[in-house]
There are 2 protein chains.
Amino acid sequence: MFLSKSCVYAIRAALLVTSRTNKRTRDFIPLQEIAAELNLSFHFLTKILQQLTQAKIMESFRGPRGGVLLAKPASSVYLIDIIKVVDGMGAFEDCVLGLPDCSEKAPCPLHREWKKRRQELRKMFERYTLADLARGKRVLNLKN
Amino acid sequence: MFLSKSCVYAIRAALLVTSRTNKRTRDFIPLQEIAAELNLSFHFLTKILQQLTQAKIMESFRGPRGGVLLAKPASSVYLIDIIKVVDGMGAFEDCVLGLPDCSEKAPCPLHREWKKRRQELRKMFERYTLADLARGKRVLNLKN
DNA sequence: AAGATATAAGACTCTTTAATCTTAAATTAT
DNA sequence: ATAATTTAAGATTAAAGAGTCTTATATCTT
């Protein structure tokens with residue numbers, strides 16, 4: 001998997017929060033509901049989303065009527081923001097052959113080619129926002 | 001990591017075997033030597049290269065003067081062949097969001113984009129052979 | 001035939017990632 | 001105030017990937 005499971009769950013949850021958010025009322029969305037819809041453990045989801053709230057991508061609120069909400073408009077949350085928090089940027093920076101000494105000056109045989117491709121991937125995640133992906137999707141099937 | 005560590009080691013080992021092979025004598029290359037140069041455990045390497053010999057990418061020979069050798073010319077061993085054996089093709093087929101139901105008919109929000117990119121990656125691994133990558137490299141630093 | 005050398009195969013251990021469970025803290029509603 | 005609801009935090013367990021170790025088998029050399 002290019003992205004870790006945790007990262008993928010974070011993105012799915014963010015997508016769900018996006019599509020669930022009522023722009024007028026901005027009620028918090030309980031993690032129980034998100035976990036149920038994504039079909040994954042509530043406590044596990046909790047830990048993942050904590051990373052997003054700590055990174056100020058989401059904000060959370062405790063107690064009855066609590067939950068999470070995007071901290072900013074979905075149109076300004078890029079997928080790369082989430083990836084950076086959960087997985088880090090290693091996938092877009094490391095040598096494809098895992099060689100620690102591979103660099104511009106001492107490139108591994110695949111260096112040039114891989115660099116091109118991984119930049120394309122990075123651009124893709126830098127280009128799309130939660131709003132882009134939630135848009136137009138009548139039914140988002142995000143279950144496992 | 002896009003490729004597993006085992007897969008990366010398999011590629012590195014194959015690259016080393018390629019660059020070490022004397023086309024005239026075609027002596028087998030002992031795994032001890034390969035392990036030493038790649039700086040990884042002999043027994044671990046053994047298991048990885050067994051996959052390649054079982055897949056007929058390499059051939060092996062036991063006893064003194066034994067070792068491994070490419071089963072065919074380096075110019076006809078594509079990186080994808082090795083990846084297919086060690087990691088399988090999941091990386092080039094699965095949904096980037098890990099959704100089992102994502103398909104052409106019911107695509108996830110990133111489906112189209114990801115498909116393009118992963119095809120590019122696949123093409124890259126389908127294009128390069130061991131000979132391509134071993135060529136011209138005076139010193140291959142394949143150590144961890 | 002015997003000893004040395006080398007891969008094969010499988011059991012075992014360690015590390016990382018994934019997932020669960022328990023307790024604490026915050027907030028609301030009554 | 002008290003009880004109910006909800007996230008936070010940390011401990012614990014499970015599963016998968018990575019790596020090691022032991023024993024078996026094949027082959028060469030003497």
Side-chain angles (χ1 to χ4, degrees), chain A residues 1-13 17 27-36 38-71 83 85-88 90-91 94 97-98 144, chain B residues 1-13 17 20 27-36 38-71 83 85-88 90-91 94 97-98 143-144:
Chain A
M1 262 184 127
F2 186 72
L3 304 172
S4 73
K5 287 195 173 193
S6 292
C7 188
V8 152
Y9 294 154
I11 294 174
R12 292 192 212 169
V17 168
D27 290 323
F28 286 94
I29 298 164
L31 300 201
Q32 290 284 10
E33 285 182 30
I34 301 173
L38 301 191
N39 208 30
L40 53 91
S41 135
F42 163 72
H43 290 288
F44 189 32
L45 179 67
T46 288
K47 290 208 335 192
I48 295 167
L49 292 193
Q50 270 172 38
Q51 297 181 72
L52 297 189
T53 61
Q54 281 161 5
K56 304 242 160 69
I57 290 172
M58 289 186 175
E59 53 189 68
S60 65
F61 200 75
R62 295 187 188 189
R65 312 200 51 195
V68 294
L69 212 46
L70 291 182
I83 294 170
V85 167
V86 181
D87 278 355
D94 297 342
L97 296 183
N144 247 338
Chain B
M1 260 184 130
F2 185 72
L3 304 173
S4 73
K5 287 197 172 192
S6 293
C7 188
V8 152
Y9 294 152
I11 294 174
R12 292 192 212 169
V17 168
R20 281 283 200 104
D27 290 324
F28 286 96
I29 298 164
L31 299 202
Q32 289 285 8
E33 285 181 31
I34 301 173
L38 300 190
N39 209 30
L40 54 90
S41 136
F42 164 73
H43 291 288
F44 189 31
L45 179 67
T46 288
K47 288 203 342 187
I48 295 167
L49 292 194
Q50 269 171 42
Q51 297 182 75
L52 297 189
T53 61
Q54 281 163 5
K56 303 244 160 68
I57 291 172
M58 289 186 176
E59 52 189 69
S60 65
F61 201 76
R62 294 186 188 188
R65 310 200 52 195
V68 293
L69 211 46
L70 292 182
I83 294 169
V85 167
V86 180
D87 279 355
D94 297 342
L97 295 183
K143 281 203 210 317
N144 248 337

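First the proteins, then the strands, lettered A, B, ... as listed; each starts at 1. None of these values were measured; they are calculated from a predicted model.
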Colleague: Taking CZ from A:Phe28 and C1' from D:dT5, how many angstroms apart are they, rounded to a whole number?
Modeller: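 Distance, rounded to whole Å: 15 Å.
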
Colleague: Taking B:Asp87 for its side chain and B:Leu3 for its backbone only, find out whether a donor-acceptor pair lies under 3.5 Å.
Modeller: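 Absent.
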
Colleague: Any side-chain heavy-atom pair from A:Val86 and A:Val8 closer than 4.5 angstrom?
Modeller: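 The answer is no; the side chains never approach within 4.5 Å.
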
Colleague: Could you tell me whether A:Gln54 contacts a base, only the sugar-phosphate backbone, or nothing, with contacts defined as non-hydrogen atoms closer than 4.0 Å?
Modeller: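 The residue A:Gln54 makes sugar-phosphate contact but no base contact.
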
Colleague: Does the protein touch nucleotides 21-30 of chain D at the base, only the backbone, or not at all? Give it as B, S and - per nucleotide, heavy atoms under 4.0 Å.
Modeller: BB--BBBB--

Colleague: B:Ala35 and B:Ser41: which non-hydrogen atoms are nearest, and at how many Å?
Modeller: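 Looking at all heavy atoms of both residues, the closest pair is CB-C, 4.3 Å.
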
Colleague: Examine D:dG19: is either OP1 or OP2 under 4.0 Å from a nitrogen or oxygen in the side chain of B:Tyr9? Give yes or no.
Modeller: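 Checking B:Tyr9 against D:dG19: at least one side-chain N or O falls below 4.0 Å of OP1 or OP2.
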
Colleague: Looking at every non-hydrogen atom in both residues, tell me the closest pair between A:Arg65 and A:Phe28 and how far apart they are.
Modeller: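 Scanning both residues, the minimum pair turns out to be O-CB, 3.7 Å.
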
Colleague: In whole Å, what is the span from the CG atom of B:Leu31 to the P atom of D:dG19?
Modeller: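 Whole-Å distance recorded here is 17 Å.
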
Colleague: Take the protein atom CD of A:Glu33 and the nucleotide atom C1' of D:dT5, then report the distance between them rounded to whole Å.
Modeller: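 Value for this atom pair: 13 Å.
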
Colleague: Going 5' to 3' along DNA chain C, between which two nucleotides do contacts with chain A fall, using a heavy-atom cut-off of 4.0 Å?
Modeller: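 Endpoints of the contacted stretch of DNA chain C: C:dA18 to C:dA29.
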
Colleague: Just N and O in the side chain of B:Ser41: are any of them under 4.0 Å from OP1 or OP2 of D:dT20?
Modeller: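 The answer is yes; a side-chain N or O of B:Ser41 sits under 4.0 Å from OP1 or OP2.
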
Colleague: Let me know the distance between CG of A:Asp27 and C1' of D:dT6, rounded to the nearest Å.
Modeller: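 It is 15 Å, rounded to the nearest whole Å.
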
Colleague: On a heavy-atom basis, which atom in B:Lys143 and which in B:Ala36 lie closest, and how many Å separate them?
Modeller: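 So the minimum-distance heavy-atom pair works out to NZ-O, 4.3 Å.
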
Colleague: Between A:Lys5 and B:Gln32, just flag the one whose closest nucleotide in DNA chain C comes earlier from the 5' side.
Modeller: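 Whichever sits nearer the 5' end wins; that is B:Gln32.
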
Colleague: D:dA9 P sits how many Å from A:Phe42 CZ, rounded?
Modeller: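 Rounded to whole Å, this separation is 13 Å.
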
Colleague: Between B:Val17 and B:Ile29, which heavy-atom pair has the shortest distance, and what is it?
Modeller: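 Shortest heavy-atom separation between B:Val17 and B:Ile29 comes out as O-CD1, 3.8 Å.
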
Colleague: For the pair made of CD in A:Glu59 and P in D:dT7, what is the distance, rounded to whole Å?
Modeller: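 After rounding, the gap between these two atoms is 14 Å.
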
Colleague: Check salt bridge (charged side-chain N to carboxylate O under 4.0 Å, His left out) between A:Asp94 and all other residues, then give those that pass, not counting sequence neighbours.
Modeller: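 So A:Asp94 forms no salt bridge (charged side-chain N to carboxylate O under 4.0 Å, His left out) with any residue.
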
Colleague: Pick one: which of B:Ile34, B:Ile48, B:Leu45, B:Leu38 meets side chain to side chain contact (heavy atoms under 4.5 Å, CB included) with B:Arg12?
Modeller: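 When B:Ile34, B:Ile48, B:Leu45, B:Leu38 are each tested with B:Arg12, the side chain to side chain contact (heavy atoms under 4.5 Å, CB included) holds only for B:Leu38.
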
Colleague: Calculate the interatomic distance between B:Ile48 atom CD1 and D:dA18 atom P; express it in whole Å.
Modeller: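 In whole Å, D:dA18 P and B:Ile48 CD1 are 9 Å from each other.
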
Colleague: For residues A:Phe2 and A:Ala91, report the shortest heavy-atom separation together with the two atoms involved.
Modeller: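 Looks like CZ-CB, 3.8 Å.
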
